Amino acid sequence: MDPAVPDDPSAARPEGQAPDGRASFGFRDVPAAEKAGMVREVFASVAPRYDLMNDLMSGGVHRLWKNTMVDVVNPRPAEKLLDVAGGTGDIAFRLLRRQGDRPDVTICDINPAMLEVGRDRAVDRGLLHGLTWATGDAEHLPFPDRSFDAYTIAFGLRNVTDIDQALRDAHRVLKPGGRFYCLEFSKVTSAPVGRVYDAYSERALPFFGRVIARDADSYRYLHESIRRFPPQRELAARMRAAGFANVSWRDMSLGVVALHQGWRI
Ligand SMILES: C[S@@+](CC[C@H](N)C(=O)[O-])C[C@H]1O[C@@H](n2cnc3c(N)ncnc32)[C@H](O)[C@@H]1O
């Protein structure tokens, strides 16, 4: 933990719920109205080196997690797909390729700097057909009700100010029968592995952030936001409260990440 922040006064309440108008930003509580702007600054700062850092920090394993997510989504041609907090396009590009010659993927992110890097990557890969770019907040998506067949969010939900509001808005934009998928860091299911993982992420993330991205604070925030995210069972309960049915999850890498899914009925 950051020695400048001796304890965690908000640990007793669930992440993303701030009844007193405050929200957690890593281990700090900040006015809820300011969190989105602070998160935007973090990702504007990391955007140029975001993809390199993902590979370094996960040893490339994030690619396997993302491939598994897209296998589970199993998008069909011409389905309308929405990737929220889509960043530099890792999930959207995979969905697009899987849809073959009838792709229809919208990538939405609150941060224009991340989308800008994503657009350059799409051009480099020749992925121009069937991809729509949108700037928007997961809590108030700029799309009409019942617009999409499937909604994905990967490593994004822990960054929103109000998780429950983001889940409700995901439910709103899905068509009846639409599918919701969330890939996110979660609670490691093996205590010894959890201790190794905690030690690694507490030290390695700020180290990589300082040396490679030259921004230790942003990577400290990322580490802290991972630790504050609700564990598997709690997130499933909050998805049900937002209206989703048939909610389930699967752990990957012993719960380092979990893939949650649910349906709008
Ligand atoms: C860790 S990155 C994940 C990017 C991508 N999904 C991936 O898996 O590589 C988190 C993304 O969430 C975006 N984000 C943070 N808060 C958001 C919000 N309230 N609404 C939409 N996007 C948000 C950030 O700008 C950033 O691009």
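As the structure is a prediction and not an experimental result, all values here were calculated from the model. Each ligand, and each atom within it, is numbered from 1 in the order the structure gives. Every heavy atom of this structure was used, including side-chain atoms; hydrogens, water molecules and symmetry mates were not.
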**Message:** Pair Arg238, Glu234 - check salt bridge (Lys or Arg N to Asp or Glu O under 4.0 Å), show working.
**Reply:** CA-CA 6 Å; Arg238 289 166 76 170; Glu234 182 190 328; 2.7 Å; yes
**Message:** Taking Tyr181's backbone N and O only, do any of them form a donor-acceptor pair with Gln261's side chain (distance below 3.5 Å, no angle check)?
**Reply:** no
**Request:** Return yes if some donor-acceptor pair links the side-chain N/O of Glu139 with the main-chain N/O of Ala166 below 3.5 Å, else return no.
**Result:** no
**Prompt:** In the protein, which heavy atom is nearest to atom 20 (N) of ligand 1, and how far is it?
**Reply:** Ala138 N, 2.8 Å
**Request:** Any atoms of ligand 1 less than 4.0 Å from a non-hydrogen atom of Asn111? List them with their elements.
**Result:** 25 (O)
**Request:** Run the numbers for me: atoms of ligand 1, each under 4.0 Å from some heavy atom of Gly136, listed by number.
**Result:** 20 (N), 21 (C)
**Request:** Take Asp149 and Lys175, measure what salt bridge (Lys or Arg N to Asp or Glu O under 4.0 Å) needs, and give me the verdict at the end.
**Result:** CA-CA 6 Å; Asp149 296 294; Lys175 298 175 185 174; 3.3 Å; yes
**Item:** Pro230 versus Ile163, closest heavy-atom pair with distance
**Value:** CD-CD1, 4.0 Å
**Asked** Does Ser253 use its side chain to pair, donor to acceptor, with the backbone of Val256 at less than 3.5 Å?
**Response** no
**Message:** Using ring centroids (six-membered ring only for Trp), state whether Phe244 and Phe180 fall under 6.0 Å.
**Reply:** yes
**Prompt:** Could an N or O of ligand 1 be found under 3.5 Å from any N or O of Ala154, whether backbone or side chain?
**Reply:** yes
**Item:** Part of Phe155 with heavy atoms under 4.0 Å of ligand 1, whether side chain, backbone, both or neither
**Value:** both
**Prompt:** Out of Arg97, Arg63, Arg121, which residue meets the salt bridge (Lys or Arg N to Asp or Glu O under 4.0 Å) rule with Asp90?
**Reply:** Arg121
**Option whose closest heavy atom lies nearest to atom 6 (N) of ligand 1, chosen from Ala134, Ala85, Gly89** = Ala85
**Message:** Can you name the atoms of ligand 1, numbered from 1 with element, that are less than 4.0 Å from a heavy atom of Gly87?
**Reply:** 4 (C), 27 (O)
**Prompt:** Going by distance only, is there an N or O of Glu139 that falls short of 3.5 Å from an N or O of ligand 1?
**Reply:** no
**Asked** Heavy atom under 4.0 Å from ligand 1: found in Asp137's side chain, backbone, both, or neither?
**Response** both
**Message:** Considering non-hydrogen atoms of the protein only, which is the closest contact for atom 25 (O) of ligand 1, and what is the distance?
**Reply:** Asp109 OD1, 2.7 Å
**Asked** Considering only heavy atoms from C-beta outward, does the side chain of Leu141 approach that of Leu82 to under 4.5 Å?
**Response** yes
**Message:** Test your reading of the structure: does Met114 have an N or O sitting under 3.5 Å from an N or O of ligand 1?
**Reply:** no
**Request:** Record the part of Lys66 in heavy-atom contact with ligand 1 below 4.0 Å; permitted values are side chain, backbone, both and neither.
**Result:** side chain
**Asked** Do Ser186 and Val257 come within less than 4.5 Å of each other through their side chains, counting heavy atoms only?
**Response** no
**Complete:** closest protein heavy atom to atom 2 (S) of ligand 1 is Tyr50 OH, 3.3 Å
**Prompt:** Hey, is Gly86 one of the residues with a heavy atom under 4.0 angstrom from ligand 1?
**Reply:** yes
**Item:** Proximal candidate to atom 15 (C) of ligand 1 [heavy atom criterion; set Leu157, Leu222, Val39]
**Value:** Val39
**Request:** For Ala166 and ligand 1, answer yes if some heavy atom of the residue is under 4.0 Å from a ligand atom, otherwise no.
**Result:** no
**Item:** Validation row: Arg146, Leu174 side chains within 4.5 angstrom (heavy atoms)
**Value:** no
**Prompt:** How far is atom 14 (N) of ligand 1 from its nearest protein heavy atom, and which residue and atom is that?
**Reply:** Ile110 CG2, 3.7 Å
